Protein chains: 2
Amino acid sequence: MSVTDELLANNAEYAAGFSGPLPLPPAKRVAVVACMDARINVYGVLGLNEGEAHVIRNAGGVITEDEIRSLAISQRLLGTEEIILIHHTDCGMLTFTDDEFKKSIQEEVGVKPAWAAEAFTDLDTDVRQSLARIRTSAFIPRKDSVRGFVFDVATGRLNEVA
Amino acid sequence: MSVTDELLANNAEYAAGFSGPLPLPPAKRVAVVACMDARINVYGVLGLNEGEAHVIRNAGGVITEDEIRSLAISQRLLGTEEIILIHHTDCGMLTFTDDEFKKSIQEEVGVKPAWAAEAFTDLDTDVRQSLARIRTSAFIPRKDSVRGFVFDVATGRLNEVA
């Protein structure tokens with residue numbers, strides 16, 4: 001049995017205790033952008049319930065064009081007003097460089113990605129970089145509450161980046 | 001008190017019961033790509049625990065360049081082998097068109113996004129489109145288990161797209 005099949009069996013249990021549907025717009029009017037890291041259970045970390053917040057995730061929790069797209073849709077069409085950005089300690093993005101990652105792909109498959117891998121060397125600096133990308137975007141209308149945090153994978157705690 | 005402050009208070013409670021750190025690579029070697037929709041609690045829907053799976057999310061759960069980047073890092077650097085793609089019923093992406101969304105932004109702020117908004121008109125067709133983008137990518141090495149689903153926000157159940 002594949003892991004996918006195992007998780008589908010879990011879903012049958014989840015559905016048995018499920019009651020829906022909830023409304024489409026997020027009840028707490030907040031969008032969270034977080035790293036894809038397996039140790040960050042966003043609903044748990046923030047005490048969220050189903051229906052309350054948009055959750056956007058990628059490698060690093062960085063802001064690229066696709067996160068601007070998602071945030072623009074979140075705010076403009078679905079009414080969110082606050083943004084919470086989450087990076088975390090022991091992040092995989094701290095363990096390589098864009099150049100070496102892209103070179104390894106080029107050597108293996110013959111094609112070098114035209115995109116940035118978005119690796120970084122300092123957590124707080126990269127949180128600030130992602131916040132700056134949000135603040136300078138023309139496409140995101142509400143910027144009164146855009147705050148960045150580092151999740152500590154040892155303690156479960158969010159520490160704000162000033 | 002802002003919603004962000006309220007969620008930070010929840011985090012203090014979460015941290016009080018937290019035990020870590022877990023290892024960095026996802027224990028179940030799976031990456032999930034899902035829509036950012038507030039009603040999809042990915043850990044709940046799939047019965048995942050902290051440390052088991054990468055979770056990548058955006059508006060629609062579509063595959064754009066940034067999801068290819070995240071999946072390439074997930075498989076090449078952190079050992080995941082299976083991919084689960086999740087769209088859902090009552091999706092906001094069914095309620096507008098790229099052209100009208102981008103025109104409304106252009107009229108309001110004077111700049112038209114150079115990116116696609118990735119709106120779609122049929123759920124199953126868009127799941128297949130996202131699966132095709134994964135299967136045709138040179139940068140994602142493991143494609144033996146790439147499966148797509150529609151989450152039903154009324155029942156909590158995942159239905160596979162053939």
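Chain naming here is simple, since letters A, B, ... match the order of the sequence lines and numbering starts at 1 in each. Predicted, not measured: the structure shown is a model, and the values here were computed from it.
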Exam field: side chain A:R69 to backbone B:A117, donor-acceptor pair closer than 3.5 Å: yes
Max heavy-atom pair count under 4.5 Å with chain A, selected residue of B:P113, B:A114, B:G60, B:A116: B:P113
Main-chain N/O of A:L22 paired to B:R39 side chain as donor or acceptor, under 3.5 Å: yes
Contact origin within A:S145 toward chain B - heavy atom pairs under 4.5 Å: side chain
Gap between atom NZ of A:K112 and atom CZ of B:F139 - 0.5 Å precision: 11.0 Å
B:E50 side-chain N/O to A:N41 backbone N/O, donor-acceptor pair under 3.5 Å: no
Part of A:V62 lying under 4.5 Å from any heavy atom of chain B: side chain
B:W115 vs A:D66 side-chain heavy atoms within contact, under 4.5 Å: no
Interface moiety of A:R147 toward chain B, non-hydrogen atoms closer than 4.5 Å: side chain
Residue-level contacts of residues 5-14 of chain B with chain A, using a heavy-atom cutoff under 4.5 Å: B:D5, B:E6, B:L7, B:L8, B:N10, B:N11, B:A12, B:Y14
Interchain contact, A:P25 with chain B, by part (heavy-atom threshold 4.5 Å): neither
Residue among B:E118, B:E65, B:E82, B:E160 with most heavy-atom pairs under 4.5 Å to chain A: B:E82
Heavy-atom contact with chain B under 4.5 Å, split by part of A:A34: neither
Check: A:Y43 side chain, B:I40 main-chain N or O, donor-acceptor pair, under 3.5 Å: yes
Side chain to side chain, B:T4 and A:F149, heavy atoms closer than 4.5 Å: yes
Residue A:E52 versus chain B: region with a heavy atom under 4.5 Å: backbone
Structural part of B:R76 lying under 4.5 Å from a heavy atom of chain A: side chain
Between B:V55, B:V153, B:V111, the one whose heavy-atom pairs under 4.5 Å with chain A are most numerous: B:V55
Gap between atom CD of A:E67 and atom CG of B:N58 - 0.5 Å precision: 7.5 Å
Interface residue of largest heavy-atom contact number with chain A, from B:I84, B:V45, B:L71, B:V30, under 4.5 Å: B:V45
